[in-house]
Amino acid sequence: MKAAVIIYPGSNCDRDCKVALERRVDAQVSMVWHKETSLPEGLDLIVLPGGFSYGDYLRCGAMAALSPVTRAVVDAAKAGVPVLGICNGFQVLCETGLLPGALLRNASLKYVCKPVALEVTNAATPFTRAFGNRSEAVMTVGNGEGNYFAEDAVLDELEQENRVAFRYKEEINGSLRRIAGIVDPTGRILGMMPHPDRAFEAELGSADGALVFQSLLEAA
């Protein structure tokens, strides 16, 4: 498996993603700086990691969506390369328009960092197939703006097309319909606020996040 992890100024989970991919699926991982205008050839996965790209100025992910490397990411995504956006990466995907909706300030107006119980809502995507018959997972959230918002028509469309991949078991940050992760119509682009890169080994409190990466290995 060949993967690229994008690094923006302010990214702080890029190494976590690299280590998770190397340890759990033996991936060959390239770290790609935000000023690059192209990506390595033959990628099986692009990861937009968590963090605070460009200091979260303007809006979370807004400046990263306009960076040189993101243009290459968008082109690759449209060409069919799977893209995983985690936390800040999810925000970037929404800002680029690759995924619908927006991530707002948490309803509590506080930073939330803790393990959360998730419902695996769709186990048939390239990112979730390794969950099999499992309907629940535990991963960690760490964000101040993880409150997923979209208009009712968009939410209804996501539900009708089975594009909600993960849902919080309990209310965490105000996300409408407790949405924690969604995919695009092809299923090859996933944005999620919980961190699989912080839950890929039992020593981290949960190994459930490893199934996201292992799903992609099966699809590669």
Side-chain angles (χ1 to χ4, degrees), residues 1-7 11-32 39-51 73 76-77 79-90 92-93 98-99 114-142 162-169 179-220:
M1 183 177 183
K2 191 174 180 180
V5 176
I6 307 303
I7 309 173
S11 295
N12 62 14
C13 296
D14 43 293
R15 292 287 301 179
D16 298 31
C17 292
K18 181 177 188 292
V19 171
L21 285 163
E22 289 175 340
R23 290 192 182 181
R24 298 317 305 245
V25 296
D26 197 27
Q28 176 186 341
V29 183
S30 299
M31 308 297 279
V32 184
L39 297 168
E41 296 290 333
L43 290 176
D44 301 301
L45 172 67
I46 300 168
V47 179
L48 306 183
V73 171
V81 178
V83 179
L84 171 61
I86 303 169
C87 196
N88 185 230
F90 186 6
V92 175
L93 290 175
L98 287 174
L99 290 176
K114 62 181 182 179
V116 296
L118 302 171
E119 175 187 348
V120 183
T121 315
N122 181 354
T125 78
F127 297 92
T128 57
R129 64 186 64 187
F131 285 90
N133 294 325
R134 288 189 53 182
S135 60
E136 297 184 5
V138 174
M139 298 183 209
T140 300
V141 294
N162 201 20
R163 289 168 53 196
V164 178
F166 296 101
R167 203 185 305 270
Y168 300 110
K169 297 283 288 184
I179 287 175
I182 61 172
V183 293
D184 77 324
T186 72
R188 291 192 297 267
I189 302 173
L190 169 66
M192 59 187 298
M193 290 310 295
H195 284 260
D197 52 305
R198 296 183 184 179
F200 67 89
E201 291 182 346
E203 290 79 3
L204 298 173
S206 172
D208 292 344
L211 295 173
V212 173
F213 304 117
Q214 289 167 2
S215 295
L216 288 162
L217 181 62
E218 294 177 12

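Position 1 is the first residue of the sequence; numbering continues from there.
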*For I189, does its backbone N or O pair with a side-chain atom of D184 as donor and acceptor, under 3.5 Å?*
yes

*Working to the nearest 0.5 Å, report the span between CZ of R23 and NZ of K18.*
10.5 Å

_Working to the nearest 0.5 angstrom, can you tell me the gap between L93 CG and I86 CD1?_
10.5 Å

_Quick check: closest heavy atoms across M139 and P194, and the distance to 0.1 Å?_
CB-CB, 4.0 Å

_Is it the case that the side chain of K2 and the backbone of S30 share a donor-acceptor pair, with hydrogens and angles ignored and the cut-off at 3.5 Å?_
no

*Identify the heavy atoms of C17 and P49 that sit nearest to each other, and give their distance.*
SG-CB, 4.0 Å

*So which heavy atom on L190 is nearest to which on V183, and how close?*
CD1-CG1, 3.8 Å

*Considering non-hydrogen atoms only, spot the tightest contact between L21 and V5 and give its length.*
CD1-CG2, 4.3 Å

*Check the pair V212 / L84 against side chain to side chain contact (heavy atoms under 4.5 Å, CB included), numbers first and verdict last.*
CA-CA 10 Å; V212 173; L84 171 61; 4.2 Å; yes

*Verify, without hydrogens or angle tests, whether T128 (side chain) and N122 (backbone) share a donor-acceptor contact under 3.5 angstrom.*
yes

*Reported CG-to-CG distance for the pair L43 and L45, which is rounded to 0.5 angstrom*: 8.0 Å

*What's the verdict on side chain to side chain contact (heavy atoms under 4.5 Å, CB included) for Q214 and V25, showing C-alpha distance, side-chain angles and the deciding distance?*
CA-CA 6 Å; Q214 289 167 2; V25 296; 4.1 Å; yes

*Taking all atoms of both residues into account, what is the closest heavy-atom pair of A123 and G132, and its distance?*
CB-O, 3.6 Å

*List the atom of D44, the atom of V81, and the distance in Å for their closest heavy-atom pair.*
C-CG1, 4.5 Å

*Does T125 use its side chain to pair, donor to acceptor, with the backbone of G187 at less than 3.5 Å?*
no

_Inter-residue atom distance R24.CZ - F200.CZ, 0.5 Å rounding_ = 8.0 Å

*Full working for side chain to side chain contact (heavy atoms under 4.5 Å, CB included) between L39 and I6*: CA-CA 9 Å; L39 297 168; I6 307 303; 3.8 Å; yes

*Report the distance from atom CE of M193 to atom CG of L118, rounding to the nearest 0.5 Å.*
12.0 Å

*Say you draw a straight line from NZ of K114 to OG1 of T140; how long is it, rounded to the nearest 0.5 Å?*
11.0 Å

